[in-house]
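Notes for the one structure printed next.
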Amino acid sequence: MSKFTVEGKQRLSGLLKVNGAKNSALKLMAASLLGQGIFWIEDVPQIADVLTMCGVLRALGVEAELANNRLNLVVNSLQGRPPWDLVRSMRASIQIMGPLLAKLGWVEVAKPGGCAIGARPLDLHLSGFEKMGAVIETTNGLIKARAKRLQGADITLRYPSVGATENIMMAAVLARGETIIRNAAREPEIVDIQNFLNKMGARIEGAGGALIKIKGVTDLGAADFKVIPDRIEAGTYILAALISQGEITLENIVPEHLGALLDVVKTLGGEIEFKNGRLTVHSPAKLKPFEVSTNPYPGFPTDLQPQLVVVATQAGGLSTLRESVFNQRFGYIPQLEKMGARIKVKDYTAFIQGHSPLNGANLVVSDLRAGAALVLAALAARGESAISGIEHIDRGYEQMEEKLSLLGAKIKRSLGKGGLSEK
Ligand code: UD1
């Protein structure tokens with residue numbers, strides 16, 4: 001098993017280029033199934049989840065090649081039954097359901113399980129497809145859906161689920177008539193998917209707002225496209241700089257996508273400058289405590305919650321962070337307690353005592369963003385930490401240790417059977 005060894009207490013500073021967004025790239029790959037022809041997608045992060053999605057697409061009949069963050073896809077004829085193990089290994093692969101159902105009239109996928117951050121039901125995805133006329137059967141861990149041609153429908157989501165909004169939007173693109181999605185998720189990645197699909201010939205408007213309208217078309221072509229910057233990767237490195245009392249400049253960044261995080265940075269006492277397309281964050285001499293709740297976009301992202309909890313351990317006083325999106329997203333806290341953090345969790349809220357000196361420890365990663373948080377904790381700790389389970393980190397961060405080393409961190413990867421591999 002690969003692991004990171006981190007020697008803490010180094011101040012981070014310097015310039016970093018942010019990758020394209022994982023949570024957009026994966027969905028653009030799924031959306032390509034709706035079209036036909038040759039696609040070139042730029043700024044695709046070279047991370048394990050993207051390699052897994054390449055595997056899923058290939059199994060469906062797509063040619064997929066990723067080199068130098070440039071993804072080439074050739075979409076011709078498809079089949080609708082992706083291998084069970086690939087779909088189960090990555091939840092985002094459920095996003096192929098909408099496109100395949102719309103394009104082929106049927107799809108069969110393995111039902112993904114829950115995961116380390118909580119129950120992750122699919123009821124909103126499936127009831128959306130049903131409203132569009134699909135017949136769905138779930139047996140023995142398999143979801144089978146079919147529909148001769150999906151019909152446009154007026155769908156109100158009980159909760160603005162990112163995945164359900166995207167899956168229904170993609171299915172609706174080839175449906176007969178108009179689909180309206182109300183209480184849609186408003187994440188920037190959804191706007192990116194709308195722009196990509198419209199470039200392929202779809203007729204979608206309203207993404208980024210709570211009401212999305214999709215006028216169905218009969219077929220779609222291909223498109224060349226550039227993925228938006230990854231706001232979660234950017235946020236992770238901003239918080240890493242703050243916890244080390246450093247200074248970081250990021251390029252390839254859209255500050256408006258980071259609004260809720262930048263508000264918290266200001267509350268913490270940090271200063272922010274945006275000049276010539278680059279964003280610089282300066283740390284204060286002392287971090288101030290805060291009260292934050294995660295929320296759907298434009299609220300504070302749940303995917304930065306664990307990293308912010310770590311920052312709170314070094315702030316002056318008591319901070320509170322409420323998790324409102326996932327029901328089990330504090331599972332990493334015992335790892336922080338091993339290092340000396342003082343945190344109580346009650347009713348989905350973490351109460352974090354600041355001024356807690358952290359000590360290096362042997363840490364085990366349980367999920368992607370918790371992994372990033374443990375790296376931040378190790379950067380802030382006195383002494384050496386060994387972090388195992390870093391394959392979770394490789395799912396979503398491209399060469400994290402190299403990027404942090406460029407900023408002055410002392411972090412090394414020791415390879416078990418390691419690095420990125422195609423699944
Ligand atoms: C996506 C992101 C993930 C991020 C999350 C919230 C990708 C690949 N992943 O996940 O990084 O943390 O958005 O910003 O883009 N829910 C239901 N029924 C459903 C679907 C969801 O009850 O059918 C609930 C979930 O259990 C959860 C909440 O809605 O409590 C949010 O989930 P959702 O927005 O769907 O997240 P994902 O799309 O899975």
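Atom set for the values below is all heavy atoms of this structure, side chains included, hydrogens, waters and symmetry mates excluded. Counting starts at 1 for both ligands and their atoms, following the listed order.
- Sorted by chain and number, the heavy-atom contacts of ligand 1 below 4.0 Å come from Asn23, Lys27, Arg91, Ala92, Ala119, Arg120, Pro121, Leu122, Asp123, Leu124, His125, Arg158, Tyr159, Ser161, Val162, Gly163, Thr302, Asp303, Val325, Phe326, Arg329.
- Ion pairing of Asp224 with Arg70 is absent here, as no side-chain N (NZ or NE/NH1/NH2) approaches a carboxylate O to less than 4.0 Å.
- Applying the side-chain contact (heavy atoms from CB on, under 4.5 Å) rule to Asn295 yields the partners Ser293, Ser324; only residues at least two apart in sequence or on another chain are considered.
- In this structure the side chain of Thr236 never reaches within 4.5 angstrom of the side chain of Lys403, judged on heavy atoms.
- Thr302 and Glu323 share a donor-acceptor pair across their side chains, judged by distance under 3.5 Å alone.
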Review item, side-chain donor-acceptor pairs of residues 364-379, under 3.5 Å, at least two apart:
{"unit_1": "Asp367", "atom_1": "OD1", "unit_2": "Arg369", "atom_2": "N", "d": "3.3"}
{"unit_1": "Asp367", "atom_1": "OD1", "unit_2": "Ala370", "atom_2": "N", "d": "3.4"}
{"unit_1": "Arg369", "atom_1": "NH1", "unit_2": "Tyr397", "atom_2": "OH", "d": "3.0"}

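- Checked against salt bridge (Lys or Arg N to Asp or Glu O under 4.0 Å), Glu178 has the following partners two or more places apart in sequence or in another chain: Lys215.
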